[in-house]
Amino acid sequence: MHIITRISLSVVLAAGLCACSDGAATVGGKSDSTPPIFPDYASVTVPCNIAPLNFSIRGTDRIRAEFAVKGNGRLKVEGRRGTVDIPIDEWRGLLAEAAGDSVRVTVSAWGASQPEGVEYRPFSFYVSRDSVDGWLAYRLIEPGYEGWMQMGIYQRDLSSFEEKVLVDNSVNDMGCVNCHSFAGYSPERMLFHARGEGGGTVFFDGGEVKKVDLTKVGPGKQGVYPMWSPDGRYVAFSSNSTFQSFFGGHGQTLEVYDQASDLMVYDTHTGEMLVDGRFQTEDRWETFPAWTPPHGHALVFCSAEPHPMPLEREKVHYDILRVGFDPATGAFGESVDTLYNARISGGSASFPRVSPDGRFLLFARADYGTFPIWHDEADLAMIRLDDGTQVDVSALNSTLSESCHEWSSSGRWVVIGSRRLDGRYTRLFIAHVSPEGVCGKPFLLPQRDPEHNMWRLKSYNVPQFVRGEVRLPQKELKNLFK
């Protein structure tokens with residue numbers, strides 16, 4: 001419930017909205033502190049097309065937020081139960097006016113601890129002229145990975161609060177669905193894996209879907225962690241033998257690890273699997289392949305020396321390597337370069353992602369292992385690919401796990417999977433990245449109800465930006481698994 005006032009136009013809104021307020025309430029005092037809002041949107045940079053930044057102050061009954069641009073009041077929102085619910089049309093007008101500038105927010109609140117009301121010190125957020133891709137796709141899953149009776153891949157309109165099922169496991173008799181990937185951020189070309197009896201890799205291309213059993217192609221291995229080449233012809237996979245172990249009386253409750261993993265590339269034009277003997281051996285584990293934009297002339301991937309698992313898990317340290325690739329012939333290059341040397345730089349690298357302009361390599365770094373989600377110490381790190389120097393991305397990190405991440409198509413935004421709110425559930429944060437690689441403060445994915453991210457008992461997994469809404473033909477999908 002809320003009241004909105006366009007101050008510059010002195011608009012009187014409908015009586016139904018006005019009934020939510022007792023009128024212009026007075027404030028009994030002022031605070032030198034900024035308001036303790038949730039989520040924390042103070043000093044963040046947001047896209048000019050993002051959904052409303054609704055927020056709340058826990059423990060309050062009534063709240064008022066006044067938004068100003070260039071010193072001029074533009075929007076006032078009042079709400080009950082301590083929640084600011086910003087109408088989307090008013091919000092879009094505010095963003096359009098503030099693009100390239102800051103919005104100053106003055107918050108007042110009333111509650112049991114401040115019955116006379118208190119006005120907090122204003123805070124600001126910056127509205128970038130850089131828009132973000134319209135949709136975000138992700139998997140929702142219980143954080144323990146013990147089961148998947150209710151599992152799906154979802155898509156979210158980033159300019160509103162609309163969330164839709166992209167595909168759930170009702171299509172494959174409640175099996176696992178995972179490993180979604182999009183070709184060039186396109187909603188028209190994607191793939192995902194459907195596990196279980198009759199499973200396979202489902203390819204979607206321009207309204208048509210087909211299922212491919214990768215175990216019947218090439219070396220006969222299942223593929224995970226797919227990444228499309230920039231031209232959309234090839235998909236790089238790793239074939240992983242993955243296990244998990246649970247610990248009692250240990251600070252880390254769970255470790256996910258591989259006991260084997262290789263690198264391979266699927267040619268969507270010929271249906272062939274391209275392999276190189278160097279990346280099919282037992283003396284190295286290769287995983288997490290990614291292409292180098294803009295032409296896909298190289299693959300980067302993580303590689304480690306094997307150790308008995310899980311007993312020697314703390315000895316496993318993944319480097320990031322790069323090998324050339326010829327899109328015309330499908331041949332791998334002769335030389336293999338080391339982009340990140342774990343023995344020298346420390347830790348273990350996962351999820352390498354190259355920026356769309358090919359200049360930066362963003363990855364997760366934990367103390368050891370291949371799955372940083374369960375490592376509280378895991379942070380993001382970034383290097384420049386032209387000279388290998390490290391880039392300061394401390395603004396992206398917290399004291400708890402940062403893991404899955406992805407660039408927007410423009411390279412001006414990254415989405416981050418982080419457990420910083422409670423250490424248990426992975427939630428999504430978005431941050432601005434300047435052309436020079438300077439990262440802004442991440443902000444939590446906006447929700448209509450600010451508490452939505454806390455009471456949704458699912459972890460967000462493998463977030464990926466998409467240029468538009470994906471429309472999978474559901475009937476044809478189900479026919480694939482009959």
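On a predicted model such as this, the values are computed, not experimentally measured, just so you know.
In the model, T83 has no side-chain atom that pairs as donor or acceptor with a side-chain atom of D85 under 3.5 Å.
Formation of a donor-acceptor pair under 3.5 Å by the N172 side chain with backbone atoms of R195 is found in this model.
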Could you walk me through whether L75 and I86 pass the side-chain contact (heavy atoms from CB on, under 4.5 Å) check?
CA-CA 9 Å; L75 178 63; I86 309 169; 3.9 Å; yes
Could you walk me through whether Q114 and T60 pass the side-chain contact (heavy atoms from CB on, under 4.5 Å) check?
CA-CA 8 Å; Q114 60 273 352; T60 60; 3.2 Å; yes
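Residues forming a side chain to side chain donor-acceptor pair (under 3.5 Å) with N397 (at least two apart in sequence, or on another chain): none. Considering only residues two or more places apart in sequence or on other chains, T292 meets the side chain to side chain donor-acceptor pair (under 3.5 Å) condition with none of them. With sequence neighbours excluded, no residue satisfies ring-ring contact (aromatic ring centres under 6.0 Å, His included) with Y257.
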Scan the side chains in residues 380-387 for donor-acceptor partners under 3.5 Å anywhere in the protein, sequence neighbours excluded, and list what turns up.
unit_1, atom_1, unit_2, atom_2, d
D387, OD1, T389, N, 3.0
D387, OD1, T389, OG1, 2.8

Using residues 176-190 as the side-chain source, report each donor-acceptor pair under 3.5 Å to any protein atom, sequence neighbours left out, with the distance given to one decimal.
unit_1, atom_1, unit_2, atom_2, d
H180, NE2, V462, O, 2.7
S181, OG, P226, O, 3.4
Y185, OH, W407, O, 3.1
Y185, OH, S408, O, 3.3
S186, OG, E188, N, 3.0
R189, NH1, G232, O, 2.9
R189, NH2, G232, O, 3.1

Which atom pairs, donor and acceptor, lie under 3.5 Å between side-chain atoms of residues 126-138 and protein residues at least two apart or in another chain?
unit_1, atom_1, unit_2, atom_2, d
Y126, OH, G100, O, 3.2
S128, OG, D130, N, 2.9
S128, OG, D130, OD2, 3.3
R129, NH2, A99, O, 3.4
D130, OD2, H432, NE2, 2.9
D133, OD1, S409, OG, 2.5
D133, OD2, S409, N, 2.9
D133, OD2, S409, OG, 3.4
Y138, OH, E163, OE2, 2.5

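The side-chain heavy atoms of Y41 and V103, taken from C-beta on, include no pair separated by under 4.5 Å. With contacts defined as side-chain heavy-atom distances shorter than 4.5 Å, the pair S350/F288 qualifies. Contact annotation: the side chain of F443 approaches that of I430 to within less than 4.5 Å [non-hydrogen atoms, C-beta and beyond]. Using a 4.5 Å heavy-atom cutoff, the side chains of R156 and Y460 are not in contact. When side chains are defined from C-beta on, W413 counts as touching P47, because their heavy atoms get closer than 4.5 Å. With contacts defined as side-chain heavy-atom distances shorter than 4.5 Å, the pair I63/V107 qualifies. By the 4.5 Å heavy-atom criterion applied to side chains, F123 and V105 are counted as neighbours.
Salt-bridge check for E97 with K70: failed, with every basic side-chain N at 4.0 Å or more from each acidic carboxylate O. Residues E305 and R284 are not paired through a salt bridge, judged by the lack of any N-O separation under 4.0 Å between the basic side chain and the carboxylate.
Aromatic ring centroids of Y340 and F363 lie under 6.0 Å apart.
Residue-environment remark: CZ (R424) stays at or below the threshold of 12 foreign heavy atoms within 6.0 Å. Heavy-atom neighbours of R353 CZ from other residues, nucleotides or ligands within 6.0 Å: above the threshold of 12.
Residues P294 and P230 come closest through the heavy atom pair O-CB, 3.3 Å. Taking both residues in full, the closest heavy atoms of W285 and H307 are given as CH2-O, 3.4 Å, listed atom of the first, atom of the second, then distance.
None of E255, R419, R365, E402 except one satisfies the side chain to side chain donor-acceptor pair (under 3.5 Å) rule with H375; the exception is E255.
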